[in-house]
Peer 1: 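Just dropping this structure here.
Chain A is the first sequence line, chain B the second, and so forth, proteins listed ahead of strands; every chain is numbered from 1.
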Amino acid sequence: MSEHNLYLYNSLTRKKELFKPVTPPNIGMYVCGPTVYGEPHLGHARPAITFDLLFRYLKHLGFKVRYVRNITDVGHLESDADEGEDKILKKARLEQLEPMEVVQLYSDIYHDKMQELNVLRPSIEPRASGHIIEQIQMIQKILDNGYAYVTNGSVYFDVQKYNQKYKYGKLSGRVLEDLLSSDERTEGHIRKLDGQDEKKHPADFALWKKAEVEHIMRWPSPWSDGFPGWHIECSAMGAKYLGEVFDIHGGGIDLLFPHHECEIAQSQAANGKEAVRYWVHNNLITINGQKMGKSLGNFITLEQFFTGKHSLLKKVFTPMTIRFFILQAHYRSTIDFSNESLEASEKGLQRLFKAIHSLEKIIPTEKSTVDIQSIRDKCYAALNDDLNSSVLISHLFDSVKTINLIISGSESISAEDLETFKKLFHIFVFDILGLTEENKQSESDNLLKEVVNLLLNLRQEAKAKKDFATADKIRSDLVGLGFTIKDRKDGYEWEY
RNA sequence: GGUCACGUGGUCGAGUGGCGAGGCAAAGGUCUGCAAAACCUUACUACAGCGGUUCGAAUCCGCUCGUGACCUCCA
C-alpha cells in the first residue's frame, strides 16, 4: 500500500478528515442501494458512480474493500398514496405480477444499467427480504435495551428516551424540540399518517409494522405478522456483513434525514456503539434546477438516455457520456442536467480518448521536456482531496494538451517517461474513473461499410479529376444522411 | 416556519485569503481544392447585492435578495 493520504468529507463532523480504516488493510463500506419497484433513472446513477469511484480508488490504494450495497425489496409505504399501501405490492397489482417477480424484474434492469455504466458489482448485495431474521433480532435488542416500545403489534423507536442519553439529530443537525414544533407550526393540517396515534412522540419511527389483512408481503415476528420499518434493514445488514463498527457509510444526501439519522440511533441503541466512522453523501442531480421526480414530469430513466427516447432529450446519450458527465462534477455538488452540458461532456470524452490513442503512436526521444512525475502527483492529490474527480479530469485534459504537443513536435518525451505516462492514463482513466471506450455501432454492419467505401472511392476519383462538383455532392449527401466525412492526405475517414 | 446547502465568465463546472482549474461554445491560426475533423493560440469579459475584517477576499464575518434539498412511517 502506498503512502497516500486520502481525505474524505465526513457529514457527521462536517469536515474533511484523514481516512483511517478501523482494521487496515480491510475496509468496510455500506451504501444504500435502490428500491426495486421501478425503472432505474438518472438519480440512481449518481450514488452508484460516486461510490464506484471510491470503491475503485480504495482498491487501487491497496486496501481490501468489502463493499455492501443493499437492495430494498420489502414493505415500504408510499407517501403520495391515499392509504398506506406497500409500494411493491401496489405495483404488483397494477402489473398482475407476484411482488417478488416485480423485485426480480427491476433488480435485473438495475444490474443491466449499472453494468452499462461500468459500475463494478459490490462485494455483497443483500436483500432486505432475505434478512428479516436479522432485523427482528436487532429490534429485539433495541427493545431489551429499553429504546423501543410495542403498540398494537407494531414496534416504535423511542426517540425521546434515546435522546436522554445520546443525541438524536447529530448527523442532520436537527434538534428534537424543533421536530416537535415544526409540526405544530405547519400551516393548514398536519399530515395524518397511518399509525401516527400509536406513537408516543411524533419523531418516533417504526421498527416493525403490523400488516393489514390485505398486505401480502408479511413475515411472522414476536409482535405481529408484519414487515420491518424502513431504516432497520441497513442497520441490520451493515452490522451483519461489516461488523458493529465499520468504516464508510454512503448514500444520497436526500437520505441523510431521516434515514441515516435513524440508522445511527438504531445501531447505538442496539449495540451501544457508534456504527459508522465516515458518513459520505453524494449530492443530487437536478433538471432545470429541480430535483428529478415523477410528479414533476422531468423523470428520465437510464434506458431513455441510452436510447434518446424522451421529450427532454435532443439525442442519444451513451452510458459513458453519463458517467463522464457525473464524474466531471465533484460528488458533493449538485449537478444540473441539460442537453448542452451532456453534449459538452460527450465531446470532451471523445477528445480524451483520442489523446489516449495518440499516446500509443508517440515515438520517444532521448530526453523529456515534459514533467510526468508532477502530473502524476497532481492526479493523486486531486483524488486524495475528498475524491475530487473534477480536478483530476482537468489534469487529464492538461495531459491531453501535453500529448498533442509531443505529437506536433513542440515537446518531447523519453521512453521511460512515456511508459509512466501510459501507465498513468491507464490507471486514472480506466481503473479509477472507470471509463471505457464504447464500440462504434457500425462495426458489425459490413455491408454498409462496403457501400460507403464504394461511394467514397468514387469521390476520390472525382477529386483526382478535379471534378469537385461531384465530389462535394457525394460528401454533402452522405453528411445529410448523418455521416461524418474526413479527408486525409492519403485518402479518407468516415464515421456514422 | 425550522434545519442544511448553494448563488462563479456565453454555458457546464473546479477553486475556500495573495500566480485568472478544466470541458463545451466563441474568435484567430495551421492543414485543406473547398469543407469537416484534428491540433495550436486567445479572450485580462466571472465570482448575486450591500457592508465589515485584512496590507490583500470569489474565498472569512454580518445583513439582504434568490435558488434548492430535507422536515414524523417515501428509500
Side-chain angles (χ1 to χ4, degrees), chain A residues 11 14 32-37 70 72 76-81 84 87 128 154 156 159 169 172-175 177-187 190-191 193-196 198-199 201-207 209 229-231 233-234 251-259 261-262 283-284 286 289-291 324-325 328-330 332-338 340-349 351-352 354 358 378 382 385 388-398 400-401 404-405 407-408 410 463 466 468 471-472 475-476 479 484-489 493-495:
Chain A
S11 303
R14 289 155 212 258
C32 291
T35 304
V36 281
Y37 69 92
N70 66 299
T72 297
H76 297 306
L77 303 172
E78 210 163 31
S79 63
D80 52 352
K87 258 183 183 176
S154 291
Y156 294 96
V159 174
S172 59
R174 281 173 171 77
V175 181
E177 290 71 37
D178 291 344
L179 291 174
L180 240 184
S181 51
S182 70
D183 287 328
E184 289 163 350
R185 230 178 273 135
T186 306
E187 292 199 17
I190 294 167
R191 278 203 284 164
L193 292 161
D194 184 36
Q196 199 62 355
E198 293 180 347
K199 303 198 303 197
H201 186 279
D204 291 352
F205 54 91
L207 297 172
K209 196 88 174 87
W230 316 276
H231 316 301
E233 64 174 87
C234 292
I253 201 167
D254 50 328
L255 299 175
L256 197 137
F257 188 87
H259 185 55
E261 195 72 73
C262 295
N283 218 315
L284 307 172
T286 57
Q290 275 189 314
K291 187 190 177 183
F324 191 61
F325 171 66
Q328 267 191 305
H330 184 240
R332 282 194 290 119
S333 298
T334 54
I335 181 170
D336 197 46
F337 157 83
S338 69
E340 290 69 29
S341 52
L342 275 178
E343 278 172 355
S345 291
E346 183 178 46
K347 286 184 182 163
L349 184 61
R351 192 158 154 245
L352 188 63
K354 271 179 186 144
S358 302
K378 282 182 193 167
D385 184 13
N388 200 326
S389 53
S390 181
V391 168
L392 167 62
I393 288 169
S394 81
H395 295 318
L396 292 176
F397 275 114
D398 285 341
V400 167
K401 189 181 259 186
N404 291 330
L405 287 172
I407 294 280
S408 73
S410 309
K463 276 170 70 180
K466 304 266 183 217
F468 295 122
D472 287 353
R475 182 175 61 194
S476 68
V479 167
T484 305
I485 311 299
K486 301 173 197 171
D487 286 357
R488 295 288 177 215
K489 280 203 179 78
E493 277 180 30
W494 64 270
E495 50 189 52

Peer 1: For A:D254, enumerate each residue passing the salt bridge (charged side-chain N to carboxylate O under 4.0 Å, His left out) test, keeping only those at least two apart in sequence or located in another chain.
Peer 2: none
Peer 1: On a whole-Å scale, what distance lies between the P atoms belonging to B:C39 and B:A25?
Peer 2: 11 Å
Peer 1: Would you sort out whether A:T72 and A:N70 count as a side chain to side chain donor-acceptor pair (under 3.5 Å), showing the intermediate values?
Peer 2: CA-CA 6 Å; A:T72 297; A:N70 66 299; 3.1 Å; yes
Peer 1: Give the nucleotide from the list B:A5, B:C39, B:A14 with an atom nearest to the side chain of A:N388.
Peer 2: B:A14
Peer 1: Using every non-hydrogen atom in the two residues, find where A:E198 and A:K209 come nearest and quote the distance to one decimal.
Peer 2: OE1-NZ, 4.4 Å
Peer 1: If you compare every side-chain N and O of A:R351 against the phosphate oxygens of B:C24 (OP1, OP2), does one of them come in below 4.0 Å?
Peer 2: yes
Peer 1: Under 4.0 Å between a Lys/Arg side-chain N and an Asp/Glu carboxylate O for A:K463 and A:D487?
Peer 2: yes
Peer 1: Rounded to whole Å, how long is the line connecting atom CZ of A:F257 with atom P of B:G2?
Peer 2: 16 Å
Peer 1: Classify A:I485 by what it touches in the nucleic acid, base, sugar-phosphate, or nothing, heavy-atom distance under 4.0 Å.
Peer 2: base
Peer 1: Go through the structure and list residues passing side-chain hydrogen bond (donor to acceptor under 3.5 Å, both in side chains) with A:D204, not counting sequence neighbours.
Peer 2: A:Y149
Peer 1: Which whole-number value in Å describes the distance from A:L284 CG to B:G68 P?
Peer 2: 13 Å
Peer 1: Below 4.0 angstrom from OP1 or OP2 of B:U41, is there any side-chain N or O of A:K401?
Peer 2: yes
Peer 1: Can you tell me, in whole Å, how much space there is between the P of B:C50 and that of B:G18?
Peer 2: 22 Å
Peer 1: Between A:E343 and A:N70, who's closer to the 5' end of RNA chain B by nearest nucleotide?
Peer 2: A:E343
Peer 1: Give the rounded distance in Å between these two atoms: NZ of A:K486 and P of B:A37.
Peer 2: 9 Å
Peer 1: A:S358 side chain to A:K354 main-chain N or O, any donor-acceptor pair under 3.5 Å?
Peer 2: yes
Peer 1: Taking atom C1' in both B:G17 and B:C60, compute the distance separating them and give it to the nearest angstrom.
Peer 2: 8 Å
Peer 1: Write down the protein N/O and nucleotide N/O pairs, taken from nucleotides 11-13 of chain B, whose separation is under 3.5 Å; answer none if there are no such pairs.
Peer 2:
from, atom 1, to, atom 2, distance (Å)
B:G13, OP1, A:D336, N, 2.9
B:G13, O2', A:S390, OG, 3.4

Peer 1: In whole angstrom, give the distance that lies between atom CZ of A:F324 and atom C1' of B:A14.
Peer 2: 13 Å
Peer 1: Return the minimal non-hydrogen interatomic distance between A:A203 and A:V159, and the atom names on each side.
Peer 2: O-CG2, 3.3 Å
Peer 1: What closest approach, in Å, do A:C32 and A:C234 show between heavy atoms, and which atom pair accounts for it?
Peer 2: SG-SG, 3.9 Å
Peer 1: To the nearest 0.5 Å, how far apart are CG in A:L352 and OG in A:S345?
Peer 2: 11.5 Å
Peer 1: Rounded to whole angstroms, how far apart are CG on A:L352 and P on B:C24?
Peer 2: 10 Å
Peer 1: Is the shortest side-chain N to carboxylate O distance from A:R475 to A:D472 below 4.0 Å?
Peer 2: yes
Peer 1: Looking only at side-chain atoms of A:K354, point me to the closest of B:C40, B:G22, B:A38.
Peer 2: B:A38
Peer 1: Mind checking if A:L405 touches a base, just sugar-phosphate, or nothing, with heavy atoms under 4.0 Å?
Peer 2: sugar-phosphate
Peer 1: Given atom CG of A:D398 and atom C1' of B:A14, what is their separation to the nearest angstrom?
Peer 2: 12 Å
Peer 1: In whole Å, measure the gap between the P atoms of B:G13 and B:G2 for me.
Peer 2: 29 Å
Peer 1: Could you work out the separation of B:G33 and B:G28 based on their C1' atoms and round it to a whole Å?
Peer 2: 22 Å
Peer 1: Take atom CG of A:N283 and atom P of B:G7, then tell me their distance rounded to the nearest Å.
Peer 2: 11 Å
Peer 1: Nearest nucleotide by nearest heavy atom, which residue falls closer to the 5' end of RNA chain B, A:S345 or A:V400?
Peer 2: A:S345
Peer 1: Quick one: A:L256 CG to B:A5 P, roughly how many Å, whole number?
Peer 2: 11 Å
Peer 1: Taking 4.0 Å as the cut-off, does a side-chain nitrogen or oxygen of A:N404 come that near to OP1 or OP2 on B:A38?
Peer 2: no
Peer 1: Tell me every residue that passes side-chain contact (heavy atoms from CB on, under 4.5 Å) with A:S172, counting only those two or more places apart in sequence or in another chain.
Peer 2: A:R174, A:L256, A:F257, A:E261
Peer 1: So what stems show up for RNA chain B if we need 3 or more Watson-Crick or G-U pairs in a row, all under 3.5 Å?
Peer 2: B:1-7 with B:65-71, B:10-12 with B:22-24, B:26-30 with B:38-42, B:48-52 with B:60-64
Peer 1: List the atom of A:S341, the atom of A:F325, and the distance in Å for their closest heavy-atom pair.
Peer 2: OG-CE1, 3.6 Å
Peer 1: What integer number of Å spans the C1' atoms of B:C4 and B:U11?
Peer 2: 28 Å
Peer 1: Roughly how far apart, to the nearest Å, are B:U30 and B:G22 at atom P?
Peer 2: 25 Å
Peer 1: Taking B:A48 as the reference, what is the distance to B:U41 when you measure between their P atoms (whole Å, please)?
Peer 2: 30 Å
Peer 1: Produce the list of close N/O pairs, under 3.5 Å, pairing protein atoms with atoms of nucleotides 31-33 of chain B; give distances to one decimal.
Peer 2:
from, atom 1, to, atom 2, distance (Å)
B:G33, O6, A:R459, NH2, 3.4
B:G33, N1, A:D472, OD1, 3.0
B:G33, N2, A:D472, OD2, 3.0

Peer 1: What is the ring orientation for A:F205 with A:H231, classed by angle as parallel under 30°, tilted 30 to 60°, or perpendicular over 60°?
Peer 2: perpendicular
